[in-house]
Amino acid sequence: MPGIDETRPFVPVHIAVLTVSDTRTPETDRSGDTLVQRLTGAGHLLAARAIVKDEVAAITAQLQAWIADDGIEVVIATGGTGVTGRDVTPEAFEQVYEKRIEGFGEMFRWLSFQKIGTSTIQSRATAGVARGTYLFALPGSTGACKDAWDDILVHQLDFRYRPCNFVEILPRLREHEGSRGKV
């Protein structure tokens, strides 16, 4: 049965939160606040936080800076995953991925379907890995951020979660480079 193995220690992960929006400010970024509250409440460390415009170049520049930072192991972005003309977060993430995590978007939409029905098909939530950093792109609503964290990420970013989790393989993400990874 999947769940927390209390015999294993909790390992805090260094997480950066990126809000993609043309209109949000630090004072109005409720989705970013939701993610910060949840990740710190779970015992993880907020490594960085930023708001960038819905522009591929701005998003990729921030992602590349954080991917190059050995103090950041995970990036969680909120916003820009819809289908309107300004929604370009998935395109930006695709430019930096080395490997996609197909199951994340599939799982997110499956869980979301149970709450918002067929409207979930408008979400292009995505995830992948680049240079030993996990990258997750979520919709911009607080509900979507809560769902992604509470139903997926809180488990996969917990070293104690069994039968497997993202944290335990973090040191192996850069094996192709001959490196031991970020941990």
**Q** Report the residues that fulfil salt bridge (Lys or Arg N to Asp or Glu O under 4.0 Å) with Lys115, sequence neighbours left out, ordered by chain and then residue number.
**A**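 Residues passing salt bridge (Lys or Arg N to Asp or Glu O under 4.0 Å) with Lys115: Asp147, Asp151.
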**Q** Taking side-chain hydrogen bond (donor to acceptor under 3.5 Å, both in side chains) as the test, write out the residues that go with Thr81, two or more places apart.
**A**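 Expected list: none.
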**Q** Go through the structure and list residues passing salt bridge (Lys or Arg N to Asp or Glu O under 4.0 Å) with Glu91, not counting sequence neighbours.
**A**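 Partners of Glu91 by the salt bridge (Lys or Arg N to Asp or Glu O under 4.0 Å) criterion, ordered by chain and then number, come out as Arg124.
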**Q** More than 12 foreign heavy atoms under 6.0 Å from CZ of Arg38: is that the case here?
**A**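 Result for CZ/Arg38: enclosed.
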**Q** Got a sec, which residues hit side-chain hydrogen bond (donor to acceptor under 3.5 Å, both in side chains) with Thr60, two or more places apart in sequence or on another chain?
**A**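 Per chain and number, Thr60 pairs via side-chain hydrogen bond (donor to acceptor under 3.5 Å, both in side chains) with no residue.
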**Q** Testing the basics here: between Ser31 and Thr142, what is the closest heavy-atom pair and its distance to 0.1 Å?
**A**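 That closest heavy-atom pairing would be OG-N, 3.3 Å.
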**Q** Determine the minimum heavy-atom distance between Asp158 and Val154, stating which atoms define it.
**A**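 Heavy-atom minimum between the residues: CB-O, 3.4 Å.
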**Q** Do Val75 and Ile15 come close enough that some side-chain heavy atom pair is under 4.5 Å?
**A**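 No, side chains not in contact.
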**Q** Is there a side-chain contact between Asp22 and Arg86 (heavy atoms, below 4.5 Å)?
**A**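 Asp22 reaches Arg86 side chain to side chain.
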**Q** Contact between Leu138 and Leu35 at the side-chain level, heavy atoms closer than 4.5 Å - yes or no?
**A**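 In short, these two side chains touch, coming nearer than 4.5 Å.
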**Q** Compare every heavy atom of Thr23 with every heavy atom of Thr28, then report the nearest pair and how far apart it is.
**A**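 Answer, listing the atom of Thr28 first, then Thr23: OG1-O, 4.3 Å.
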**Q** Nearest 0.5 angstrom please: Ile67 CD1 to Ile72 CD1, how far?
**A**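 Spacing of CD1 (Ile67) from CD1 (Ile72) equals 9.5 Å.
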**Q** Please examine the side chains of Thr120 and Gln114, heavy atoms only from C-beta on, and report whether any two atoms are closer than 4.5 Å.
**A**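 Of all side-chain heavy-atom pairs linking Thr120 with Gln114, none is under 4.5 Å.
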**Q** To check you understand the geometry: which heavy-atom pair defines the closest contact between Phe159 and Asn165, and what is its length?
**A**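 Closest pair (atom of Phe159, atom of Asn165, distance): O-ND2, 3.0 Å.
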**Q** For Asp87, what residues pass the salt bridge (Lys or Arg N to Asp or Glu O under 4.0 Å) criterion, not counting sequence neighbours?
**A**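 None.
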**Q** Could you note down all residue pairs passing ring pair (Phe, Tyr, Trp, His ring centres under 6.0 Å) where residues 74-97 supplies at least one of them, sequence neighbours left out?
**A**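 Every pair satisfying ring pair (Phe, Tyr, Trp, His ring centres under 6.0 Å) with a residue in residues 74-97: there are none.
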**Q** Taking side chain as C-beta onward, heavy atoms only, is Thr34 less than 4.5 Å from Trp149?
**A**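 They are not in side-chain contact.
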**Q** Considering all heavy atoms of both residues, which atom of Arg131 and which atom of Glu98 are nearest to each other, and what is their separation?
**A**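 The pair with the smallest heavy-atom distance is N-OE2, 3.0 Å.
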**Q** Can you sort out the partners of Phe166 under ring-ring contact (aromatic ring centres under 6.0 Å, His included), two or more places apart, ordered by chain and number?
**A**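 For Phe166, the residues satisfying ring-ring contact (aromatic ring centres under 6.0 Å, His included) (neighbours in sequence not counted) are Tyr134, Phe136.
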**Q** Once side-chain hydrogen bond (donor to acceptor under 3.5 Å, both in side chains) is applied, do any residues pair with Asp54, and if so which ones, sequence neighbours excluded?
**A**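 With sequence neighbours excluded, Asp54 shows a side-chain hydrogen bond (donor to acceptor under 3.5 Å, both in side chains) to no residue whatsoever.
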**Q** Connecting only ILVMFWY residues whose side-chain heavy atoms lie within less than 4.5 Å of each other, what is the rest of Ile4's hydrophobic cluster?
**A**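 Its cluster mates, by chain and number, are Tyr161.
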**Q** State plainly whether one hydrophobic cluster holds both Val17 and Ile51, where clusters connect Ile, Leu, Val, Met, Phe, Trp and Tyr through side-chain heavy atoms under 4.5 angstrom apart.
**A**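 Not linked; separate clusters.
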**Q** List the residues meeting ring-ring contact (aromatic ring centres under 6.0 Å, His included) with Phe10, not counting sequence neighbours, and say none if there are none.
**A**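 Phe10: ring-ring contact (aromatic ring centres under 6.0 Å, His included) contacts with His44.
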**Q** With ILVMFWY side chains joined below 4.5 Å, transitively, what does Ile121's cluster contain besides itself?
**A**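 Its cluster partners, ordered by chain and number, are none at all.
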**Q** Identify, with sequence neighbours excluded, every residue that meets salt bridge (Lys or Arg N to Asp or Glu O under 4.0 Å) alongside Arg109.
**A**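 Salt bridge (Lys or Arg N to Asp or Glu O under 4.0 Å) list for Arg109, sorted by chain: empty.
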